[in-house]
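Position 1 is the first residue of the sequence, and the numbers go up from there. Since this is a predicted model, take the numbers as computed values, not measurements.
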Amino acid sequence: MKQDTIRKVAIVGYNRIPFARANTAYANVGNQEMMTAALNGLIDKYNLKGKLLGEVAGGAVIKHTYDNNLIRECVMKTSLDPATPACDLQQACDTGIESAVYIANKIALGQIESGIAGGVDSISDMPIAVSEKLRKILLEARQAKSLGGKIKTFLKLRPKDLSPLVPKNEESQTGLSMGGHTEITAKHYKISREDQDEFALKSHLNMAKAYDEGFFDDMITPFNGLEKDNNLRKDSTIEKLAKLKPAFDKVNGTLTAGNSTPLTDGASCILLASEEWAKEQGLPILAYITFAEIAAIEYVKNQQNLLLAPVFAVSRMLEKAGLALQDFDYYEIHEAFAAQVLATLKIWESPELSESIGLKKTLGTIDREKLNVKGSSLAAAHPFAATGGRIIGVMAKLLNEKGSGRGLVSICAAGGQGVTMIIEK
């Protein structure tokens, strides 16, 4: 086939393991174990054992040096044909959805017939580095030609030099954490504590209802003794959320542990294919990926905008698709923080805010009853690279169950970036 022929890209399957708050159920496992479990669940569900796929792509935001070839190592531990290629991608919280775009583009261009996109992150198994002084002394000692020289070098060490360095959850350009930036977002865009708590509560209630209805039964492979996301609070109430203390700005803050996502462990993946491959394998076509867009935003001078790049990505994507923001049956907007989602919606709704941030036009309001209808990241929690696969899977299942329709997916990320996608049935 000609390379300039664009083919339809089908979402054929989905799978993930339950998400766990850091240092709980998955405290003693790492990225490879979790990603392999998610892949094996997908392989078993869709009869992929021994199959040669076009490629598997994914990654982790936080990983050890021995995970440098993470996805390929995971593929080799599954029952896929070991000749299946794999590669690591990393784009902060966009890793999972960007991996899906990568695989989808190859399918659309006829380079491959099928592929898996996914992501994993373990905060519990976070790599710990040595101090810079200890590193230099270790190198110097290694170069010393005698035992005396080595001892003399080690005598330069002080107790403070032995302190481990844990990766910081902050933006290197600003020194602020994601939560610190979003506190600024909430103040700048006047997002109240009450609105944030109400939004968070709805996420938990929607997900609890979805679990009770069995929506997630075919989407999750139990792992390491966990069968459900352990961040979900079925008994959450607005009164309980209101009692929580601010997490980032201790004095004047509105972000709490209840309306922000916690550090999380987990893995997810989705199976993508051409229509022809899906039919040959006897697999259902759940939905199609039709458009995707990436954007970035300046957030060093305008620190309130760190997680707002999707406002631009959605605007550009809708223009290319010839659609309005209201032309969707479902919306899946990643809930890194309630304040970030509410700020995004407020900008789309306000001509003044849309103009101030640089949008060409005001996109307008959406029906909130169509937003994150099965709960989202505030309830499920957020293993950085795994969120994209979870959200795409939910949207594909929603549209497949409806039988037709259109869904909008939006995921913000550290570094002032965002990826959006249109999924149709």
J.: With sequence neighbours left out, what residues match Tyr102 under ring pair (Phe, Tyr, Trp, His ring centres under 6.0 Å)?
T.: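 So Tyr102 forms no ring pair (Phe, Tyr, Trp, His ring centres under 6.0 Å) with any residue.
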J.: Test of understanding: with salt bridge (charged side-chain N to carboxylate O under 4.0 Å, His left out), list the residues that count as partners of Glu319, not counting sequence neighbours.
T.: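 Glu319: salt bridge (charged side-chain N to carboxylate O under 4.0 Å, His left out) contacts with Lys360.
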J.: Please enumerate all residues that pass salt bridge (charged side-chain N to carboxylate O under 4.0 Å, His left out) together with Glu227, with sequence neighbours excluded.
T.: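 Partners of Glu227 under the salt bridge (charged side-chain N to carboxylate O under 4.0 Å, His left out) test: none.
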J.: Which residue pairs pass the salt bridge (Lys or Arg N to Asp or Glu O under 4.0 Å) test with at least one member in residues 240-268, sequence neighbours excluded?
T.: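 Sorted pair list: Lys187-Asp249, Asp235-Lys240.
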J.: If the condition is ring pair (Phe, Tyr, Trp, His ring centres under 6.0 Å), which residues does Phe216 pass it with, not counting sequence neighbours?
T.: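 Scan of Phe216 (ring pair (Phe, Tyr, Trp, His ring centres under 6.0 Å), adjacent residues dropped) gives Tyr211.
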J.: Let me have the donor-acceptor pairs involving side chains of residues 287-295, under 3.5 Å, with sequence neighbours excluded, atom names and distances please.
T.:
from	atom 1	to	atom 2	distance (Å)
Tyr288	OH	Glu275	OE2	2.6
Thr290	OG1	Ile422	O	3.3
Thr290	OG1	Glu424	OE2	2.8
Glu293	OE1	Lys320	NZ	2.8
Glu293	OE2	Arg316	NE	3.2
Glu293	OE2	Lys320	NZ	3.3

J.: Who pairs with Tyr66 by ring pair (Phe, Tyr, Trp, His ring centres under 6.0 Å), at least two apart in sequence or on another chain?
T.: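 With sequence neighbours excluded, Tyr66 shows a ring pair (Phe, Tyr, Trp, His ring centres under 6.0 Å) to His64, given in chain and number order.
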J.: Residues in ring pair (Phe, Tyr, Trp, His ring centres under 6.0 Å) with Tyr14, at least two apart?
T.: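 Applying ring pair (Phe, Tyr, Trp, His ring centres under 6.0 Å) to Tyr14 gives none.
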J.: Do any side-chain atoms of residues 33-41 form donor-acceptor pairs under 3.5 angstrom with protein atoms, and if so which ones, sequence neighbours left out?
T.:
from	atom 1	to	atom 2	distance (Å)
Glu33	OE1	Gly30	N	3.0
Thr36	OG1	Gln32	O	2.6
Asn40	ND2	Thr36	O	3.3

J.: Just grab all the side chain to side chain donor-acceptor pair (under 3.5 Å) pairs involving residues 80-89, residues at least two apart or on different chains.
T.: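 For residues 80-89: Lys63-Asp88.
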J.: Enumerate, atom names and distances included, each donor-acceptor pair closer than 3.5 Å involving a side-chain atom of residues 334-342, sequence neighbours excluded.
T.:
from	atom 1	to	atom 2	distance (Å)
His334	ND1	Ser377	OG	2.7
His334	NE2	His382	NE2	3.4
Glu335	OE1	Ser203	OG	2.8
Glu335	OE1	Ser377	N	3.3
Glu335	OE1	Leu378	N	3.0
Glu335	OE2	Asn372	ND2	2.8
Gln340	OE1	Ala336	N	3.0
Gln340	OE1	Phe337	N	3.0
Gln340	NE2	His334	O	2.9

J.: Which residues pass the salt bridge (charged side-chain N to carboxylate O under 4.0 Å, His left out) test with Lys136, not counting sequence neighbours?
T.: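 Testing Lys136 for salt bridge (charged side-chain N to carboxylate O under 4.0 Å, His left out), a comparison that skips the adjacent residues, returns none.
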